[in-house]
Amino acid sequence: MTATAFGKGTGKLRRDAGVIGLLFASTTSMIGSGWLFGAYHASKIAGPLSVWSWIIGAAIVMLIALCFAELSTMFSKSGALVHMSHASHGATLGRLWGWMLFLSYAPVPAVEAEGIVTYANNYLPYFIKPDGSGTLTGMGFLASAVLLSVLALLNMLAIRALLRVNNTVTWWKIAVPLITVVGLIAASSHWGVWHAAASTYSSQGMFTAIPAAGIVFSFLGFRTAIDLGGESSNPGRNIPLAVIGSVLLAALIYVLLQVAFIMALSPADLKDGWSKLNFVGSAGPFAGLAATLGMGWLATLLYIDAYVSPGGTGLMYITGGSRILYAVGETDSGPQSLTKTTGSGVPWLAVIVMWAVGVFFLLPFPAWQLLVGYITSITVLTYGLGPIVLMVLRRSQPDAPRTFKLAGAGLLAPLAFIASNLVIYWTGFYTNSVLFLILGAGFVIYALVFHIVQKKPAAEFGWNHITWLLAWFGGMWVLSALGATGHGFALVGFWTGMILVAIWSLVVIWFALNSSLPAEETGEVMERMQLGN
């Protein structure tokens, strides 16, 4: 690249992304390396009820996705999730949400790159320290950084070329799971496994598996199509189709995989109960089942996919994360230099930041894997804002143009918010405690910088528009403590806790609606955003 190509970007993104490109961008973000292990972990927690875990998880994400499908037609800009919060509750919430979104994106490419290197260590034992900690060696760190560099360089392609690369990868990522489903079901002979070891799982596990087995997080990649909204040739049509279509496609694949996994098990696998399921070896549970059933060809295919799937997901997360950073710069929530683009319309500095932060997450400390798990949990909170924004805009901007308008939004949006909070509740007290501690520390730092370093008055901070966050986060933390999941104090039963979460969610909605910007101010913010397209 020439200095001119990088140094003096137009600041504008090119609208070359079609509906298939956006659909596959979201699909490949959802069908990553997790599909190789999700069915296994869900089975250990919920037994045969794990099929319902995937169905419920898909329904929850679809509720949230439908809210964003309408919002995406009103904010057809790259990094649209950042712009939405600015319009509903002002700049402070927008800035906080923008950086929370970035934190939910940044670790994923690093995790995917490390997953590839960890798998390769079984054949080239130079990448992982042999002490059992899972820590990268110097060679492993270098290999992972090189992989991240390749993903970042691919992201320097014009969006049309990038999506063509991703389309090829996504066809593979759809085909391999479906071939796995057909192969395992065709070779299965233990149909009675659906009723085996019935005493070792419960209906409660059906819900706790949704966050614990990574089910809900497997679906959250639908947002990639929204993140690329500013690069769509027809956002009003393409984004809703891509968002809804990708969730439906991923749900179908995941449910079929869970069914096939259970059908391929034998009574011997369950002799100690569902929670004691175990597959030894680096190939993972599906490849282990394939080998047990004598399908060496399928095991080989899964070996190859262990490299392709993580690579495709990491590629799209750098893409989505760079667009979030672009929006952060565009809304003055961060350096405006983040909006610099190449001659092909790629936000090159944002891509480099995603690469650099990804390398940071590769630092050889075992605790980073645990930290990444908590940061990824922020995604659920960032999505919970969508239904709130939809309700605010339906009330304050009823006549604003909406290419896609969600039928029954008055019922579905509150249900979506309740559902997102239930996922947080099911995650458990320990994880939520660390999560809210991280968020609280970040908020305090931001407030101190705003008031002390920048010496801005409280009136400009917008306290009256964000205090409802304290009620939301604080209430969810208390409810998690009252429950029994994740080291809670078990002062209320599991089902009672779910009812309390639903009631509290309605209270938070009332606070959020009454803390939103005045209709006139929201209209002005949205008008400025449209002028900036």
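We're numbering straight along the sequence, starting at 1. The figures that follow rest on heavy atoms only: side chains count, while hydrogens, waters and symmetry mates do not.
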Over 60° means perpendicular and under 30° means parallel, so tell me whether [X] and [Y] are parallel, tilted or perpendicular.
| X | Y | result |
| --- | --- | --- |
| Y201 | W274 | perpendicular |
| F417 | W472 | tilted |
| F219 | W54 | perpendicular |

Under 3.5 Å, is there a donor-acceptor pair linking the side chains of [X] and [Y]?
| X | Y | answer |
| --- | --- | --- |
| T313 | K173 | yes |
| S43 | Q258 | yes |
| T485 | T208 | no |
| W468 | N514 | no |

Just by distance, do the side chain of [X] and the backbone of [Y] share a donor-acceptor pair under 3.5 Å?
| X | Y | answer |
| --- | --- | --- |
| S322 | T319 | yes |
| S50 | G47 | yes |
| S396 | V392 | yes |
| R394 | A409 | no |
| T27 | L23 | yes |

F207 ring center near Y425 ring center (under 6.0 Å):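 That pair fails the under 6.0 Å test.
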
For residues W463 and F443, establish whether the separation of their ring centroids is below 6.0 Å.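 Yes, they do, as the ring centres are separated by less than 6.0 Å.
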
Do L500 and W504 make a side-chain contact, defined as non-hydrogen atoms from C-beta onward lying under 4.5 Å apart?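 No - every pair of side-chain heavy atoms lies 4.5 Å or more apart.
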
Is there a side-chain contact between P240 and T73 in this structure, where contact means two heavy atoms from C-beta onward sitting under 4.5 Å apart?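 P240 vs T73: side chains touch.
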
Option passing ring pair (Phe, Tyr, Trp, His ring centres under 6.0 Å) with Y446 (candidates W97, F461, W99):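 By the ring pair (Phe, Tyr, Trp, His ring centres under 6.0 Å) criterion, Y446 pairs with just one of W97, F461, W99: F461.
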
What distance do M526 atom CE and E521 atom CD have between them, rounded to the nearest 0.5 Å?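 So the gap between those two atoms works out to 13.5 Å.
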
Kindly compute the distance separating CD1 (I55) from CE (M206), expressed to the nearest 0.5 Å.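 Reported to 0.5 Å precision, the distance equals 10.0 Å.
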
